[in-house]
Amino acid sequence: MEKFVINGGKPLHGEVTISGAKNAAVAIVAATILCDEPCVLENVPEISDITICMKILSSMGAVVKLVSKNTVYFDTRGITKPEVPYELARSMRASTYFLGTLLGRFHNAYVAMPGGCDLGDRPIDQHLKAFASLGAQHELENGQVHCHADDLIGSQIYFDFNTVGGTINAIMAACKAKGLTIIENAAKEPHIVDLANFLNSMGADIRGAGTDVIKIRGVGYLKGITYGIIPDQIEAGTYMVAAAATKGDVLIKNVIPKHLESITAKLRKVGVTVIENDESVHVKVEGPLLKTSLKTMPHPGFPTDMQPQFSTMLTLAEGTSIVTDDIFDNRFKYVSELRRMGADISVDGTVAVIQGKGMLQGAPVVATDLRAGAALIIAGLAANGTTEVENIHFVERGYECIDKKLRGLGADIKRVIVPDVDHVRMSG
Ligand code: EPU
(Lines give C-alpha, C1' and ligand atoms only; values in the text may rest on other atoms or scores of the structure.)
Protein backbone atom coordinates (compact mmCIF):
# COMPACT_ATOMS: atom_id res chain seq x y z
CA MET A 1 0.00 0.00 0.00
CA GLU A 2 1.06 3.57 -0.59
CA LYS A 3 0.20 6.94 0.92
CA PHE A 4 0.85 10.56 0.05
CA VAL A 5 2.86 12.69 2.45
CA ILE A 6 2.25 16.39 1.88
CA ASN A 7 4.05 19.33 3.46
CA GLY A 8 1.42 21.99 2.94
CA GLY A 9 1.05 25.72 3.11
CA LYS A 10 2.66 26.46 -0.27
CA PRO A 11 0.65 28.24 -3.00
CA LEU A 12 0.50 26.24 -6.27
CA HIS A 13 2.13 28.03 -9.20
CA GLY A 14 2.67 27.18 -12.87
CA GLU A 15 0.93 25.10 -15.54
CA VAL A 16 -0.77 21.72 -15.47
CA THR A 17 -2.17 19.67 -18.38
CA ILE A 18 -5.45 17.83 -17.94
CA SER A 19 -5.80 14.18 -19.02
CA GLY A 20 -8.67 12.43 -20.80
CA ALA A 21 -12.00 12.23 -18.98
CA LYS A 22 -12.41 9.16 -16.77
CA ASN A 23 -16.18 9.02 -17.05
CA ALA A 24 -16.09 9.36 -20.84
CA ALA A 25 -13.25 6.87 -21.18
CA VAL A 26 -14.88 4.10 -19.12
CA ALA A 27 -17.96 4.30 -21.36
CA ILE A 28 -16.06 4.61 -24.65
CA VAL A 29 -13.64 1.76 -23.86
CA ALA A 30 -16.65 -0.47 -23.07
CA ALA A 31 -18.31 0.74 -26.29
CA THR A 32 -15.43 -0.61 -28.40
CA ILE A 33 -17.32 -3.92 -28.09
CA LEU A 34 -19.89 -2.48 -30.50
CA CYS A 35 -17.26 -1.71 -33.15
CA ASP A 36 -17.09 -4.25 -36.01
CA GLU A 37 -13.46 -3.33 -36.87
CA PRO A 38 -10.36 -2.41 -34.81
CA CYS A 39 -10.34 1.13 -33.42
CA VAL A 40 -7.84 3.41 -31.70
CA LEU A 41 -8.53 5.72 -28.76
CA GLU A 42 -6.36 8.74 -27.99
CA ASN A 43 -6.17 10.79 -24.79
CA VAL A 44 -7.00 7.68 -22.73
CA PRO A 45 -6.20 8.53 -19.10
CA GLU A 46 -3.66 6.31 -17.33
CA ILE A 47 -5.82 5.51 -14.29
CA SER A 48 -6.79 2.29 -12.59
CA ASP A 49 -10.46 2.31 -13.66
CA ILE A 50 -9.29 2.24 -17.28
CA THR A 51 -6.77 -0.52 -16.52
CA ILE A 52 -9.69 -2.57 -15.18
CA CYS A 53 -11.81 -1.84 -18.31
CA MET A 54 -8.91 -2.97 -20.52
CA LYS A 55 -8.41 -6.13 -18.42
CA ILE A 56 -12.12 -6.91 -18.78
CA LEU A 57 -11.86 -6.64 -22.57
CA SER A 58 -8.69 -8.76 -22.82
CA SER A 59 -10.05 -11.39 -20.44
CA MET A 60 -13.04 -11.83 -22.78
CA GLY A 61 -10.80 -12.30 -25.85
CA ALA A 62 -10.26 -8.76 -27.19
CA VAL A 63 -6.85 -7.53 -28.37
CA VAL A 64 -5.91 -4.42 -26.38
CA LYS A 65 -2.50 -2.86 -27.13
CA LEU A 66 -0.88 0.29 -25.86
CA VAL A 67 0.29 2.28 -28.91
CA SER A 68 1.85 5.02 -26.78
CA LYS A 69 1.29 6.38 -23.26
CA ASN A 70 -2.32 7.54 -23.80
CA THR A 71 -3.18 5.88 -27.12
CA VAL A 72 -4.69 2.40 -27.14
CA TYR A 73 -5.61 -0.04 -29.96
CA PHE A 74 -8.72 -2.19 -29.48
CA ASP A 75 -9.88 -5.14 -31.56
CA THR A 76 -12.90 -6.68 -29.85
CA ARG A 77 -13.86 -9.02 -32.71
CA GLY A 78 -12.36 -12.00 -30.84
CA ILE A 79 -14.83 -11.78 -27.95
CA THR A 80 -17.03 -14.86 -28.03
CA LYS A 81 -18.32 -15.23 -24.47
CA PRO A 82 -20.38 -12.25 -23.24
CA GLU A 83 -19.39 -12.58 -19.59
CA VAL A 84 -17.33 -10.13 -17.53
CA PRO A 85 -15.13 -11.95 -14.95
CA TYR A 86 -16.83 -11.63 -11.58
CA GLU A 87 -14.01 -10.04 -9.56
CA LEU A 88 -13.22 -7.46 -12.25
CA ALA A 89 -16.88 -6.43 -12.53
CA ARG A 90 -17.23 -6.10 -8.78
CA SER A 91 -14.28 -3.75 -8.50
CA MET A 92 -15.76 -0.91 -10.56
CA ARG A 93 -19.16 0.79 -10.94
CA ALA A 94 -18.62 1.39 -14.66
CA SER A 95 -18.56 -2.39 -15.27
CA THR A 96 -22.34 -1.98 -15.71
CA TYR A 97 -21.52 -0.47 -19.12
CA PHE A 98 -20.57 -3.96 -20.29
CA LEU A 99 -24.23 -4.92 -19.80
CA GLY A 100 -25.26 -2.37 -22.45
CA THR A 101 -22.47 -3.13 -24.91
CA LEU A 102 -22.59 -6.94 -24.62
CA LEU A 103 -26.37 -6.85 -24.87
CA GLY A 104 -26.10 -4.56 -27.91
CA ARG A 105 -23.68 -6.91 -29.68
CA PHE A 106 -24.59 -10.42 -28.46
CA HIS A 107 -28.15 -9.87 -27.13
CA ASN A 108 -26.75 -11.61 -24.07
CA ALA A 109 -24.67 -10.33 -21.11
CA TYR A 110 -23.47 -11.59 -17.73
CA VAL A 111 -22.03 -8.92 -15.42
CA ALA A 112 -21.69 -9.06 -11.62
CA MET A 113 -23.51 -6.42 -9.61
CA PRO A 114 -21.05 -3.51 -9.71
CA GLY A 115 -18.81 -2.19 -6.96
CA GLY A 116 -16.72 0.99 -7.05
CA CYS A 117 -16.65 3.96 -4.69
CA ASP A 118 -18.99 3.51 -1.74
CA LEU A 119 -21.41 6.39 -2.22
CA GLY A 120 -24.35 4.59 -0.59
CA ASP A 121 -26.83 2.36 -2.33
CA ARG A 122 -26.33 2.53 -6.11
CA PRO A 123 -29.10 0.54 -7.78
CA ILE A 124 -29.28 -0.14 -11.54
CA ASP A 125 -33.07 -0.39 -11.84
CA GLN A 126 -33.18 2.40 -14.47
CA HIS A 127 -30.57 0.63 -16.62
CA LEU A 128 -32.62 -2.58 -16.48
CA LYS A 129 -35.81 -0.66 -17.24
CA ALA A 130 -34.15 0.78 -20.37
CA PHE A 131 -33.04 -2.69 -21.51
CA ALA A 132 -36.57 -4.02 -20.87
CA SER A 133 -38.02 -1.26 -23.08
CA LEU A 134 -35.81 -2.59 -25.89
CA GLY A 135 -37.16 -6.12 -25.32
CA ALA A 136 -34.53 -7.59 -22.96
CA GLN A 137 -35.20 -9.63 -19.85
CA HIS A 138 -32.93 -10.03 -16.86
CA GLU A 139 -32.37 -12.39 -13.96
CA LEU A 140 -29.95 -12.39 -11.04
CA GLU A 141 -27.84 -15.57 -11.23
CA ASN A 142 -25.14 -16.27 -8.61
CA GLY A 143 -24.52 -12.57 -7.98
CA GLN A 144 -24.42 -11.79 -11.70
CA VAL A 145 -27.02 -9.88 -13.69
CA HIS A 146 -27.92 -11.87 -16.80
CA CYS A 147 -29.58 -9.74 -19.51
CA HIS A 148 -30.79 -11.35 -22.71
CA ALA A 149 -33.10 -10.73 -25.65
CA ASP A 150 -34.08 -12.60 -28.82
CA ASP A 151 -33.90 -9.29 -30.60
CA LEU A 152 -33.48 -5.67 -29.53
CA ILE A 153 -36.22 -3.44 -30.91
CA GLY A 154 -36.11 0.38 -30.75
CA SER A 155 -38.62 1.85 -28.33
CA GLN A 156 -39.37 4.77 -26.02
CA ILE A 157 -37.32 4.87 -22.81
CA TYR A 158 -38.41 7.25 -20.07
CA PHE A 159 -36.06 7.69 -17.11
CA ASP A 160 -37.77 8.40 -13.77
CA PHE A 161 -34.89 10.70 -12.77
CA ASN A 162 -31.55 11.86 -14.05
CA THR A 163 -29.13 8.96 -14.47
CA VAL A 164 -25.79 9.29 -16.23
CA GLY A 165 -25.05 5.56 -16.27
CA GLY A 166 -28.61 4.65 -17.26
CA THR A 167 -28.49 7.08 -20.21
CA ILE A 168 -25.10 5.74 -21.35
CA ASN A 169 -26.25 2.12 -21.13
CA ALA A 170 -29.46 2.90 -23.01
CA ILE A 171 -27.51 4.58 -25.85
CA MET A 172 -25.11 1.64 -26.11
CA ALA A 173 -27.81 -1.04 -26.11
CA ALA A 174 -29.96 0.91 -28.60
CA CYS A 175 -27.38 1.90 -31.17
CA LYS A 176 -27.59 -1.44 -32.99
CA ALA A 177 -31.24 -2.22 -32.09
CA LYS A 178 -33.81 -2.40 -34.90
CA GLY A 179 -35.61 0.88 -35.54
CA LEU A 180 -35.93 4.10 -33.54
CA THR A 181 -35.28 4.52 -29.81
CA ILE A 182 -36.25 7.74 -28.05
CA ILE A 183 -34.70 8.37 -24.63
CA GLU A 184 -36.67 10.93 -22.61
CA ASN A 185 -35.36 12.69 -19.49
CA ALA A 186 -31.84 11.77 -20.57
CA ALA A 187 -28.78 12.98 -18.64
CA LYS A 188 -26.77 15.74 -20.38
CA GLU A 189 -23.22 15.35 -19.02
CA PRO A 190 -20.29 16.07 -21.40
CA HIS A 191 -19.27 12.40 -21.33
CA ILE A 192 -22.66 11.43 -22.77
CA VAL A 193 -22.04 13.75 -25.71
CA ASP A 194 -18.52 12.32 -26.08
CA LEU A 195 -19.84 8.75 -26.19
CA ALA A 196 -22.43 9.72 -28.81
CA ASN A 197 -19.73 11.48 -30.88
CA PHE A 198 -17.56 8.35 -30.72
CA LEU A 199 -20.42 6.07 -31.80
CA ASN A 200 -21.58 8.50 -34.52
CA SER A 201 -18.03 8.72 -35.92
CA MET A 202 -18.18 4.93 -36.34
CA GLY A 203 -21.48 5.17 -38.22
CA ALA A 204 -24.15 5.20 -35.49
CA ASP A 205 -27.15 7.51 -35.82
CA ILE A 206 -27.59 9.28 -32.45
CA ARG A 207 -29.10 12.75 -32.26
CA GLY A 208 -29.76 15.07 -29.36
CA ALA A 209 -27.01 13.94 -26.95
CA GLY A 210 -26.49 16.82 -24.51
CA THR A 211 -30.24 17.53 -24.42
CA ASP A 212 -32.89 15.64 -22.47
CA VAL A 213 -34.27 13.85 -25.54
CA ILE A 214 -31.94 11.54 -27.45
CA LYS A 215 -33.05 9.80 -30.66
CA ILE A 216 -31.20 6.73 -31.85
CA ARG A 217 -31.80 4.95 -35.13
CA GLY A 218 -30.24 1.49 -34.97
CA VAL A 219 -27.55 0.63 -37.52
CA GLY A 220 -26.12 -2.75 -38.50
CA TYR A 221 -22.38 -2.03 -38.71
CA LEU A 222 -19.91 0.26 -36.94
CA LYS A 223 -16.60 0.91 -38.67
CA GLY A 224 -13.16 1.32 -37.06
CA ILE A 225 -11.92 4.86 -36.34
CA THR A 226 -9.35 6.82 -34.34
CA TYR A 227 -11.03 8.96 -31.70
CA GLY A 228 -9.73 11.37 -29.04
CA ILE A 229 -11.46 11.42 -25.63
CA ILE A 230 -12.46 14.81 -24.19
CA PRO A 231 -10.45 16.35 -21.32
CA ASP A 232 -11.61 15.54 -17.79
CA GLN A 233 -13.95 18.21 -16.45
CA ILE A 234 -13.57 16.99 -12.85
CA GLU A 235 -9.78 16.67 -12.95
CA ALA A 236 -9.66 20.24 -14.29
CA GLY A 237 -12.08 21.44 -11.59
CA THR A 238 -9.97 19.73 -8.93
CA TYR A 239 -6.83 21.63 -10.02
CA MET A 240 -8.85 24.87 -10.20
CA VAL A 241 -9.96 24.40 -6.60
CA ALA A 242 -6.49 23.29 -5.49
CA ALA A 243 -5.09 26.51 -6.96
CA ALA A 244 -7.75 28.54 -5.14
CA ALA A 245 -7.41 26.73 -1.80
CA THR A 246 -3.63 27.28 -1.73
CA LYS A 247 -4.05 30.92 -2.87
CA GLY A 248 -1.98 30.08 -5.92
CA ASP A 249 -1.77 31.08 -9.58
CA VAL A 250 -2.19 28.20 -12.04
CA LEU A 251 -2.83 27.83 -15.78
CA ILE A 252 -4.88 24.68 -16.38
CA LYS A 253 -4.35 23.50 -19.96
CA ASN A 254 -6.19 21.08 -22.29
CA VAL A 255 -9.68 21.88 -20.99
CA ILE A 256 -13.04 22.74 -22.54
CA PRO A 257 -13.96 25.90 -20.59
CA LYS A 258 -17.67 25.44 -21.43
CA HIS A 259 -17.65 22.18 -19.42
CA LEU A 260 -16.25 24.07 -16.42
CA GLU A 261 -18.81 26.90 -16.35
CA SER A 262 -20.59 25.88 -13.13
CA ILE A 263 -17.25 25.48 -11.32
CA THR A 264 -15.91 28.75 -12.75
CA ALA A 265 -19.07 30.62 -11.69
CA LYS A 266 -18.85 29.31 -8.10
CA LEU A 267 -15.13 30.07 -7.84
CA ARG A 268 -15.78 33.64 -8.98
CA LYS A 269 -18.53 33.88 -6.35
CA VAL A 270 -15.99 33.08 -3.62
CA GLY A 271 -13.60 35.76 -4.88
CA VAL A 272 -11.30 33.71 -7.10
CA THR A 273 -10.18 35.14 -10.46
CA VAL A 274 -10.82 32.74 -13.35
CA ILE A 275 -9.77 33.78 -16.86
CA GLU A 276 -11.14 31.57 -19.65
CA ASN A 277 -9.04 31.06 -22.78
CA ASP A 278 -9.85 28.83 -25.79
CA GLU A 279 -8.41 25.64 -24.29
CA SER A 280 -7.19 26.65 -20.85
CA VAL A 281 -8.31 28.44 -17.71
CA HIS A 282 -6.13 30.64 -15.53
CA VAL A 283 -7.01 30.58 -11.83
CA LYS A 284 -5.52 32.97 -9.27
CA VAL A 285 -6.38 34.32 -5.87
CA GLU A 286 -5.69 37.92 -5.03
CA GLY A 287 -7.90 38.47 -1.97
CA PRO A 288 -9.66 36.50 0.76
CA LEU A 289 -11.85 33.48 -0.03
CA LEU A 290 -15.53 34.23 0.64
CA LYS A 291 -18.40 32.06 1.89
CA THR A 292 -21.09 30.77 -0.48
CA SER A 293 -24.02 28.38 -0.75
CA LEU A 294 -23.98 25.52 -3.16
CA LYS A 295 -26.27 22.72 -4.30
CA THR A 296 -25.10 19.94 -6.58
CA MET A 297 -27.20 19.28 -9.67
CA PRO A 298 -26.97 17.21 -12.86
CA HIS A 299 -25.12 18.93 -15.73
CA PRO A 300 -25.08 21.87 -16.40
CA GLY A 301 -25.44 22.34 -12.64
CA PHE A 302 -22.59 22.09 -10.14
CA PRO A 303 -21.28 18.47 -10.26
CA THR A 304 -21.47 16.20 -7.22
CA ASP A 305 -18.00 14.97 -8.22
CA MET A 306 -16.62 18.43 -7.30
CA GLN A 307 -18.50 18.81 -4.02
CA PRO A 308 -15.88 17.35 -1.62
CA GLN A 309 -13.05 19.42 -3.16
CA PHE A 310 -15.09 22.65 -3.17
CA SER A 311 -16.39 22.12 0.39
CA THR A 312 -12.81 21.59 1.53
CA MET A 313 -11.86 24.94 0.02
CA LEU A 314 -14.82 26.56 1.83
CA THR A 315 -13.33 25.52 5.20
CA LEU A 316 -10.62 28.06 4.33
CA ALA A 317 -13.07 30.84 3.42
CA GLU A 318 -14.42 33.60 5.64
CA GLY A 319 -17.90 32.95 7.10
CA THR A 320 -20.52 30.21 6.99
CA SER A 321 -21.18 28.26 3.79
CA ILE A 322 -23.98 25.79 3.20
CA VAL A 323 -23.52 22.86 0.81
CA THR A 324 -26.34 20.52 -0.25
CA ASP A 325 -25.57 17.29 -2.10
CA ASP A 326 -28.38 14.78 -2.46
CA ILE A 327 -27.35 13.02 -5.69
CA PHE A 328 -25.87 10.10 -3.71
CA ASP A 329 -26.65 9.10 -0.09
CA ASN A 330 -23.13 9.22 1.15
CA ARG A 331 -21.04 12.00 -0.26
CA PHE A 332 -19.97 13.64 2.99
CA LYS A 333 -17.90 10.74 4.32
CA TYR A 334 -14.69 12.75 3.99
CA VAL A 335 -15.95 15.28 6.56
CA SER A 336 -14.88 13.28 9.60
CA GLU A 337 -11.36 13.11 8.15
CA LEU A 338 -11.36 16.83 7.41
CA ARG A 339 -12.35 17.50 11.03
CA ARG A 340 -9.04 15.89 12.10
CA MET A 341 -7.41 18.77 10.24
CA GLY A 342 -9.37 21.36 12.21
CA ALA A 343 -12.31 21.87 9.84
CA ASP A 344 -15.57 22.98 11.42
CA ILE A 345 -18.30 21.19 9.42
CA SER A 346 -21.58 19.76 10.63
CA VAL A 347 -23.59 17.44 8.41
CA ASP A 348 -27.28 16.76 8.65
CA GLY A 349 -28.29 14.24 6.00
CA THR A 350 -27.57 15.86 2.66
CA VAL A 351 -26.65 19.32 3.99
CA ALA A 352 -23.28 20.44 5.33
CA VAL A 353 -22.77 23.67 7.26
CA ILE A 354 -19.17 24.84 7.00
CA GLN A 355 -17.81 27.47 9.38
CA GLY A 356 -14.81 28.83 7.49
CA LYS A 357 -11.83 29.21 9.79
CA GLY A 358 -9.24 30.44 7.32
CA MET A 359 -6.80 27.60 8.01
CA LEU A 360 -6.34 23.85 8.36
CA GLN A 361 -3.60 21.91 10.09
CA GLY A 362 -1.87 18.79 8.79
CA ALA A 363 -2.93 15.37 10.12
CA PRO A 364 -2.97 11.69 9.11
CA VAL A 365 -6.21 11.08 7.16
CA VAL A 366 -7.77 8.28 5.13
CA ALA A 367 -9.44 8.64 1.72
CA THR A 368 -12.88 7.00 1.68
CA ASP A 369 -13.53 7.34 -2.06
CA LEU A 370 -12.06 8.95 -5.18
CA ARG A 371 -13.27 12.54 -4.76
CA ALA A 372 -12.90 12.38 -0.96
CA GLY A 373 -9.24 11.50 -1.61
CA ALA A 374 -8.85 14.49 -3.94
CA ALA A 375 -10.44 16.73 -1.30
CA LEU A 376 -8.03 15.51 1.40
CA ILE A 377 -5.06 16.13 -0.90
CA ILE A 378 -6.29 19.71 -1.44
CA ALA A 379 -6.69 20.06 2.33
CA GLY A 380 -3.12 18.80 2.80
CA LEU A 381 -1.74 21.21 0.19
CA ALA A 382 -3.42 24.17 1.90
CA ALA A 383 -2.81 23.11 5.53
CA ASN A 384 0.05 24.12 7.77
CA GLY A 385 2.32 21.18 8.56
CA THR A 386 2.35 17.61 7.31
CA THR A 387 -0.64 15.62 6.08
CA GLU A 388 -0.56 11.92 5.30
CA VAL A 389 -3.32 10.66 3.00
CA GLU A 390 -3.87 6.88 3.10
CA ASN A 391 -5.92 4.70 0.73
CA ILE A 392 -4.58 6.53 -2.31
CA HIS A 393 -5.70 3.66 -4.55
CA PHE A 394 -9.07 5.43 -4.56
CA VAL A 395 -7.44 8.58 -5.97
CA GLU A 396 -5.64 6.56 -8.62
CA ARG A 397 -8.96 5.34 -9.98
CA GLY A 398 -9.51 8.76 -11.52
CA TYR A 399 -6.46 11.08 -11.41
CA GLU A 400 -3.52 10.43 -13.74
CA CYS A 401 -0.15 11.04 -12.00
CA ILE A 402 -1.68 13.43 -9.47
CA ASP A 403 1.46 13.61 -7.31
CA LYS A 404 3.70 14.28 -10.33
CA LYS A 405 1.35 16.97 -11.67
CA LEU A 406 1.19 18.65 -8.25
CA ARG A 407 4.98 18.56 -7.86
CA GLY A 408 5.10 20.34 -11.24
CA LEU A 409 3.08 23.11 -9.56
CA GLY A 410 5.56 23.37 -6.68
CA ALA A 411 3.75 21.15 -4.18
CA ASP A 412 5.77 19.15 -1.65
CA ILE A 413 4.01 15.79 -2.07
CA LYS A 414 5.69 12.38 -1.86
CA ARG A 415 4.43 8.86 -2.46
CA VAL A 416 5.52 6.61 0.39
CA ILE A 417 5.14 2.85 0.76
CA VAL A 418 3.18 1.87 3.86
CA PRO A 419 4.55 -1.40 5.26
CA ASP A 420 1.96 -4.17 5.37
CA VAL A 421 1.39 -4.49 9.15
CA ASP A 422 0.57 -8.22 9.02
CA HIS A 423 3.64 -8.90 6.95
CA VAL A 424 5.87 -6.92 9.33
CA ARG A 425 4.39 -8.79 12.30
CA MET A 426 4.92 -12.15 10.65
CA SER A 427 8.45 -11.45 9.56
CA GLY A 428 9.29 -9.79 12.90
N1 EPU B 1 -29.77 5.63 -9.52
C2 EPU B 1 -30.79 4.74 -9.23
N3 EPU B 1 -31.07 3.77 -10.15
C4 EPU B 1 -30.38 3.63 -11.31
C5 EPU B 1 -29.34 4.54 -11.61
C6 EPU B 1 -29.06 5.53 -10.69
O7 EPU B 1 -31.43 4.82 -8.19
O8 EPU B 1 -30.69 2.71 -12.09
C9 EPU B 1 -29.48 6.71 -8.57
C10 EPU B 1 -28.07 6.64 -8.01
O11 EPU B 1 -28.00 5.75 -6.92
C12 EPU B 1 -27.80 8.08 -7.66
C13 EPU B 1 -28.53 8.85 -8.76
O14 EPU B 1 -29.50 7.94 -9.29
O15 EPU B 1 -28.39 8.38 -6.43
C16 EPU B 1 -27.64 9.32 -9.93
O17 EPU B 1 -26.88 8.23 -10.42
P18 EPU B 1 -26.25 8.21 -11.87
O19 EPU B 1 -26.78 7.02 -12.58
O20 EPU B 1 -26.44 9.54 -12.52
O21 EPU B 1 -24.72 8.03 -11.54
P22 EPU B 1 -23.70 6.93 -12.05
O23 EPU B 1 -23.89 6.68 -13.49
O24 EPU B 1 -23.69 5.78 -11.11
C25 EPU B 1 -21.91 8.68 -12.78
C26 EPU B 1 -20.45 8.88 -12.53
C27 EPU B 1 -20.24 9.35 -11.10
C28 EPU B 1 -21.03 10.64 -10.91
C29 EPU B 1 -22.50 10.43 -11.25
C30 EPU B 1 -23.33 11.71 -11.18
C31 EPU B 1 -19.41 7.30 -13.99
C32 EPU B 1 -18.66 6.03 -14.15
N33 EPU B 1 -19.75 7.64 -12.75
O34 EPU B 1 -22.33 7.68 -11.84
O35 EPU B 1 -18.86 9.61 -10.98
O36 EPU B 1 -20.93 11.04 -9.55
O37 EPU B 1 -22.60 9.90 -12.59
O38 EPU B 1 -22.81 12.66 -12.03
O39 EPU B 1 -19.66 8.02 -14.95
C40 EPU B 1 -16.83 9.91 -9.84
O41 EPU B 1 -16.31 10.11 -10.95
O42 EPU B 1 -16.26 10.15 -8.74
C43 EPU B 1 -18.20 9.39 -9.80
C44 EPU B 1 -18.72 8.82 -8.71
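Whatever order the structure lists them in is the order used to number ligands and atoms, beginning at 1.
The atoms of ligand 1 that sit less than 4.0 Å from any heavy atom of K22 are 40 (C), 41 (O). In the vicinity of Y97, heavy-atom distances shorter than 4.0 Å reach the ligand 1 atoms 39 (O). With ligand atoms numbered from 1 in the order given, ligand 1 contributes 24 (O) to contacts under 4.0 Å with heavy atoms of R93.
At a 3.5 angstrom cut-off on N or O pairs, L370 does not count as close to ligand 1. Note: no N/O pair closer than 3.5 Å links F161 and ligand 1 by distance alone. The N/O atoms of T304, backbone and side chain alike, include none that comes under 3.5 Å of an N/O atom in ligand 1. Between E189 and ligand 1, a contact under 3.5 Å exists for no N or O pair. Residue H191 places no N or O, backbone or side chain, under 3.5 Å from any N or O of ligand 1. Some N or O of G165 is nearer than 3.5 Å to an N or O of ligand 1, by distance alone.
The residue F394 has no part lying near ligand 1, judged by heavy-atom distances below 4.0 Å. For R371, every heavy-atom contact with ligand 1 shorter than 4.0 Å involves the side chain, none the backbone. In R331, the part holding a heavy atom less than 4.0 Å from any atom of ligand 1 is the side chain.
The local environment of NZ in K295 is crowded, with over 12 non-hydrogen atoms from other residues, nucleotides or ligands closer than 6.0 Å.
The pair R415-D403 meets the salt-bridge criterion, with a side-chain N (NZ, NE, NH1 or NH2) lying under 4.0 Å from an Asp/Glu carboxylate O.
Looking at residues two or more places apart in sequence or on another chain, you find no ring pair (Phe, Tyr, Trp, His ring centres under 6.0 Å) involving F159.
For the pair S95 (side chain) and A89 (backbone), a donor-acceptor distance under 3.5 Å is present. Between the E235 side chain and the Y399 main chain, no donor and acceptor come within less than 3.5 Å of each other. Side chain of K129 to main chain of Y158: a donor-acceptor pair is present (N/O by atom type, distance under 3.5 Å, no hydrogens or angles). N43 places a side-chain N or O within 3.5 Å of a backbone atom of I229 that can act as its donor or acceptor partner.
Considering only non-hydrogen atoms, atom 16 (C) of ligand 1 lies nearest to N162 out of N162, D369, I124. With distances taken over non-hydrogen atoms, the option nearest atom 15 (O) of ligand 1 out of D125, D305, I327 is I327.
Summarising the geometry of I392 relative to E2, their closest heavy-atom pair is CG1-O, 3.3 Å, with the distance given to 0.1 Å.
For A187, the heavy-atom gap to ligand 1 stays at 4.0 angstrom or more. Not close to ligand 1: E235, with no non-hydrogen atom less than 4.0 angstrom away.
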Verdict with supporting geometry, Q307 and Y334, side-chain hydrogen bond (donor to acceptor under 3.5 Å, both in side chains): CA-CA 11 Å; Q307 180 272 110; Y334 64 93; 2.6 Å; yes
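Residue pairs meeting the side-chain hydrogen bond (donor to acceptor under 3.5 Å, both in side chains) criterion with at least one member in residues 21-38, sequence neighbours excluded, are D36-K176, E37-Y221.
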